Amino acid sequence: MKNHSLNQSYPSPKMKNSHSSILQKPLTYVSMILLGMGVGIGGTIAYSYPNLFNENTETVAPSTNAEIPQEWASLPPITSENFVTDVVQKVGPAVVRIDASRTVKTEVPPMFNDPFFRRFFGSQIPNMPEEEIQRGTGSGFILSKDGKILTNAHVVAGTQEVTVTLKDGRTFTGKVLGTDPVTDVAVIDIEADNLPTVKAGNSDTLNVGEWAIAIGNPLGLDNTVTTGIISATGRRSSQVGVGDKRVDFIQTDAAINPGNSGGPLLNARGEVIGVNTAIFRNAQGIGFSIPINRAQEIADQLIAKGTVEHPYMGIQMVEITPEIKQKLQETAGLTVNADSGILIVNVVPNSPAAAAGLKAGDVIQSINQQPLASPSEVQKAVEQIQVGSTIPVEVERNGKPLSLNVKVGLLPNG
């Protein structure tokens, strides 16, 4: 029997070389053809689009130095450092949380005490406690190493002691040294030494657009940091909706919420430029701070005397506008002849203004020989006058000039 496996043929070395030579020739021809086509295609592209291969060199070519505007040249250089982090690390330990509680008397509606009402509805009348405890949280910052703390008056209103918590967790009982509701400034004292403190800046030199950083405890969220800019300066208290305050506010878009009150507003160097105090309800990006220069002035008086003396005349004013003139005519029967100026709409009984003979309907021209254009300017002028001084007040009454002398009194508390 034949072994078919032994009949398999294997190429000899000569056959192998012959096969290779046979295959190499067509491959060589194909390679040459493809190479020629490639050169042809490439040459055609280069010929048809001569700038295609130059575009990269043109885009990366060094540009000439553009001329920098003079006002840009003075701007600080951009660095990789986070100045907000630096400010927070430096000032954060000096910002405190203030927890205050006050006892408030509950006002029971008079009809609940009526015997007839109680006889028929006695079992259904709710038992209302005569007093209740109200609790609130605010912020503050340490002025001195021995424990003087600046905050808002409304944060500590109605109480003499508060709980002060530092960032490191230490808790102290704070004594309220004094409050000034007219500027919403208060000072607290805690018994401690070598405390971290803040550095005060100069709020008189602020410019719109500067950085603003707020640190506080909004809505119970301790040590919260928000940033923004100075949106405006010199906002009158009447514009902010607190016409009884003698403050021109700093406006900022740094987020300020309940609990931020009393906390610091800082510049990019970490200096305190304001005391966060007021917000517009249901508004976004609108917050207000008391300028630190004004707050520090009030704080110094509270630390020294426990109270602040504010000069007082006893008048209520509005700036004359066509709308105001019409409204006064319709509601109060008051005819105003002047088209502009500061109109006295009410004189407080037994006040210095009443004693001097000022009347509703008078239009203020000047105080202490200083021309004035708005109610806020009148407030500023009066604030600079020493209590007990007698000053001339120029008014227009029924179209005629009139000069009166007013002895400035002391603003009553409350």
Side-chain angles (χ1 to χ4, degrees), residues 76 79 81-99 137-152 155 162 164-172 174 185-190 192-207 209-231 233 249-277 279 287-300 303:
T79 65
E81 296 180 0
N82 188 334
F83 71 92
V84 177
T85 301
D86 293 339
V87 169
V88 173
Q89 290 177 347
K90 180 169 62 175
V91 183
V95 180
V96 304
R97 171 175 173 161
I98 299 172
D99 293 294
T137 299
S139 305
F141 52 93
I142 304 172
L143 295 175
S144 61
K145 292 185 177 182
D146 63 352
K148 302 297 187 299
I149 298 171
L150 184 60
T151 187
N152 281 151
V155 171
V162 296
V164 176
T165 304
L166 274 59
K167 186 178 180 180
D168 61 14
R170 286 183 292 168
T171 300
F172 298 87
V185 173
V187 176
I188 300 169
D189 184 37
I190 61 175
D193 296 313
N194 298 318
L195 294 174
T197 62
V198 299
K199 179 182 179 182
N202 185 359
S203 54
D204 291 339
T205 60
L206 293 179
N207 294 310
E210 289 187 35
W211 285 105
I213 305 168
I215 304 179
N217 307 290
L219 305 172
L221 303 173
D222 292 355
N223 307 310
T224 295
V225 180
T226 57
T227 62
I229 61 169
I230 302 298
S231 304
T233 60
F249 292 91
I250 301 168
Q251 181 181 332
T252 178
D253 66 347
I256 297 176
N257 294 286
N260 272 114
S261 292
L265 188 70
L266 308 157
N267 61 20
R269 293 182 295 274
E271 299 168 334
V272 180
I273 54 176
V275 184
N276 299 323
T277 183
I279 58 172
F288 298 94
S289 297
I290 304 168
I292 190 59
N293 290 14
R294 179 65 166 151
Q296 186 72 63
E297 174 189 336
I298 299 299
D300 291 341
I303 293 172

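Given the structure is predicted, the values throughout are model-derived calculations rather than measurements. Computed over heavy atoms, backbone and side chain alike; hydrogens, waters and symmetry mates excluded.
- Of all non-hydrogen atoms in Ala200 and Ile292, the two that sit nearest each other are CB-CG1, 4.2 Å.
- Contact check for Leu206 versus Ile273: side-chain heavy atoms found under the 4.5 Å cut-off.
- Judged purely by atom type and a 3.5 angstrom limit, Thr226 uses its side chain to pair as donor or acceptor with the backbone of Ala255.
- The closest side-chain heavy-atom distance from Val275 to Pro264 is not below 4.5 Å.
- Ala254 and Gly228 get closest at one heavy-atom pair: CB-N, 3.9 Å.
- Side-chain N/O atoms of Asp300 and Gln296 include a donor and acceptor closer than 3.5 Å.
- Remark: Asp193 pairs with no residue by the side-chain contact (heavy atoms from CB on, under 4.5 Å) rule, at least two apart or across chains.
- Closest of all the heavy-atom pairs between Lys90 and Arg269 is NZ-O, 2.8 Å.
- Pairing each heavy atom of Ile229 with each of Asp253, the nearest pair is N-OD1, 2.7 Å.
- When each of Leu143, Thr151, Val96, Leu150 is checked for a side chain to side chain contact (heavy atoms under 4.5 Å, CB included) with Ile188, only Thr151 meets the rule.
- Contact detail for Asn267 and Val87: the closest heavy-atom pair is O-CG2, 4.1 Å.
- Using a 3.5 Å distance cut-off with no hydrogens or angles, the side chains of Asn260 and Asn276 do not pair a donor with an acceptor.
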